[in-house]
Chemist: 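I have a structure here, written as structure tokens, and I will follow up with some questions on it.
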Amino acid sequence: MTTQRADTIISGSYLIPDSRQKNVINNGAVAVSKDSIAAIGTSEDILAQFTTERHIHTDHGLIMPGLVNTHTHAPMACFRGLADDLPLMTWLEKHIFPVEARWTPEMIYHSTLLSLAEMIKSGTTSFCDMYLFSKEVARATVESGMRAWIGEVLYDFPSPCYGDLENGFSYVEELFGLYSGHSLISITADPHSVYTCSPELLTRLGKVAQSHDSLYAIHLSENEAEVNTCKERYNCSPVDHLERLGLLGPKTLAAHCVMLDDREIALMAERGVKVSHCQESNMKLASGTAPVVKMIEAGIEVGIGTDGAASNNDVDMFGEMNTVAKIHKVARMDPTAMGAEQTLHAATLGGATTLGASDHIGTLAVGKKADMIVLNMNQPHLTPLYNIPSHLVYAARGSDVIHSIINGRIVMEDRVLQSLDEEQILARMREIGQNIVRHGKD
Ligand SMILES: CSC[C@H]1O[C@@H](n2cnc3c(O)ncnc32)[C@H](O)[C@@H]1O
Ligand SMILES: [Zn+2]
């Protein structure tokens with residue numbers, strides 16, 4: 001057999017290429033060439049086929065696809081714990097909007113780095129972010145080496161980032177220009193919601209998304225107050241409002257979707273709308289539980305999102321999977337609802353599908369991008385090991401992730417971030433946190 005060269009070989013005691021236990025490879029390995037997966041198999045086969053100067057082997061290590069967080073507000077990490085135990089509208093209007101009015105680009109950049117560090121350290125390799133000052137979000141993300149879909153949120157109020165809406169549209173166009181053809185960053189068109197955006201703004205951003213063939217990401221039907229406001233203003237539900245405006249389509253990524261009835265679910269399925277399910281945020285803000293089982297039964301692709309760290313209060317997708325798999329069992333009084341494999345699918349390939357990226361991320365397969373994580377399974381809460389999806393969803397924690405590889409680059413090794421300086425990020429965030437508290441008292 002002729003040997004080929006791999007840039008890196010990652011091997012472990014187990015490899016799960018997708019969410020199915022039946023596909024587990026014992027003593028598995030992945031050969032990485034440049035940014036892609038060159039081969040997958042048993043360590044024995046891969047080491048017979050490839051030579052490399054960088055072989056990372058982990059005894060009791062589990063290699064799996066990196067997790068895909070489909071809805072975040074990365075810069076909000078610095079508001080974690082600032083305002084808790086409040087309903088959505090009070091939380092936003094009385095607490096979050098006032099502190100957001102004082103954002104500076106520098107604060108956004110550092111606060112984004114904090115979320116990125118947390119995401120990498122808990123197994124996320126891709127995320128979809130909608131926030132303000134997104135040029136800073138993208139700048140920090142490029143430094144981290146993470147893969148991301150990033151958009152600047154537009155709404156009808158003056159924004160601390162771009163001021164009035166005309167500047168907002170220019171800012172969005174600049175973003176598209178800056179990251180056109182980028183290997184890791186894709187830009188999205190992001191209206192905040194139907195209650196903060198006029199029909200004209202929603203439609204104009206729809207045209208922007210169409211002209212760039214981008215995702216159209218929006219908060220949709222998050223809670224009862226949103227539905228009531230929409231009914232008062234437009235005499236219809238948020239989903240019907242978007243339908244009337246022609247904005248429900250396969251590139252629409254709707255976050256939350258808590259308040260949907262069966263007819264709306266059928267309509268969204270027919271239009272090919274994708275959903276980001278943010279259960280922990282919906283619980284914390286007491287918004288409710290999205291009818292995710294019904295959505296999946298109707299054929300809607302559902303990914304999992306943490307939402308921002310200020311309403312979760314972390315961005316750990318392992319914790320989110322655990323919650324998602326359990327809440328739907330209670331909501332439906334059915335222990336078979338949202339099983340481990342289905343939940344793991346939503347956090348990997350399902351998430352990738354909602355972002356239009358299932359052809360290159362979400363599973364470990366030859367030719368796909370080399371986005372993978374390695375977990376240390378040699379721990380009390382993960383031993384013995386009968387079923388890998390079960391342990392990943394019901395027992396594992398983000399802190400079990402020891403290595404992370406994104407686009408072929410090692411961004412964390414032995415829990416030490418390689419692309420970011422964790423100590424520096426924490427030190428700067430302590431200073432920024434003190435300023436936020438000081439100004440809050442003014
Ligand atoms: C999303 S950036 C613009 C705006 O949205 C606010 N926000 C954060 N989380 C949520 C949520 O769950 N629903 C609605 N709006 C949210 C954020 O604070 C920014 O002001
Ligand atoms: Zn959100």
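Counting starts at 1 for both ligands and their atoms, following the listed order. Every heavy atom of this structure was used, including side-chain atoms; hydrogens, water molecules and symmetry mates were not.
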Chemist: A cation-pi test, strictly: NZ or CZ of Arg139 under 6.0 Å from the centre of the six-membered ring of Tyr109 and no more than 45 degrees from its axis. Yes or no?
Modeler: yes
Chemist: Going by chain and residue number, what protein N/O/S atoms come nearer than 2.8 Å to the Zn ion (ligand 2)?
Modeler: His71 NE2, His73 NE2, His219 NE2, Asp307 OD1
Chemist: CE of Met107 to OG1 of Thr112: how many Å apart, nearest 0.5 Å?
Modeler: 11.0 Å
Chemist: Just jot down the ligand 1 atoms closer than 4.0 angstrom to any heavy atom of Leu92, in number order.
Modeler: 6 (C), 7 (N), 14 (C), 15 (N), 16 (C), 18 (O)
Chemist: Does a side-chain N-to-carboxylate-O contact under 4.0 Å join Arg428 and Glu431?
Modeler: yes
Chemist: If you define the side chain from C-beta out and look only at heavy atoms, does anything of Ile304 sit under 4.5 Å from Thr343?
Modeler: yes
Chemist: Between Phe127 and Arg147, is there a cation-pi geometry (under 6.0 Å to ring centre, at most 45° from the normal)?
Modeler: no
Chemist: Can you pull out the closest protein heavy atom to atom 15 (N) of ligand 1? Residue, atom name and distance to 0.1 Å, please.
Modeler: His192 NE2, 2.7 Å
Chemist: Below 4.0 Å, non-hydrogen atoms only: which portion of Tyr195 touches ligand 1? Side chain, backbone, both or neither.
Modeler: side chain
Chemist: Find the distance between OG1 (Thr8) and CD1 (Ile10) and round it off to the nearest 0.5 Å.
Modeler: 6.0 Å
Chemist: For His71 and His256, I'd like to know if the aromatic rings sit close, meaning centre-to-centre distance below 6.0 Å.
Modeler: yes
Chemist: Hey, does Tyr155 come in under 3.5 Å of ligand 1, counting only N/O atoms on both sides?
Modeler: no
Chemist: Suppose we call two aromatic rings close when their centres sit under 6.0 Å apart. Are Phe97 and Trp91 close by that rule?
Modeler: no
Chemist: CD of Glu226 to NZ of Lys231: how many Å apart, nearest 0.5 Å?
Modeler: 11.5 Å
Chemist: Take atom CD of Glu413 as the centre, draw a 6.0 Å sphere, and report whether it contains more than 12 heavy atoms from other residues, nucleotides or ligands.
Modeler: yes
Chemist: Return the residue, atom name and 0.1 Å-rounded distance of the protein heavy atom closest to atom 2 (S) of ligand 1.
Modeler: Tyr131 CD1, 3.4 Å
Chemist: Please state which protein non-hydrogen atom is closest to atom 1 (C) of ligand 1 and give its distance, to 0.1 Å?
Modeler: His73 CE1, 3.1 Å
Chemist: Return the option from Glu226, Met89, Met76, His71 holding the heavy atom at the smallest distance from atom 8 (C) of ligand 1.
Modeler: Met76
Chemist: Apply the side-chain hydrogen bond (donor to acceptor under 3.5 Å, both in side chains) test between Ser276 and each candidate in Thr72, Thr70, Thr306; give the one that qualifies.
Modeler: Thr70
Chemist: Within ligand 1, which atoms have a heavy atom of Glu222 less than 4.0 Å away?
Modeler: 11 (C), 12 (O), 13 (N), 14 (C)
Chemist: Is Ser281 in polar range of ligand 1, meaning some N or O pair under 3.5 Å apart?
Modeler: no
Chemist: Is Phe157 touching ligand 1 with its side chain, its backbone, both, or neither, if touching means heavy atoms under 4.0 Å apart?
Modeler: neither
Chemist: Is the closest N or O pair between Glu100 and ligand 1 shorter than 3.5 Å?
Modeler: yes
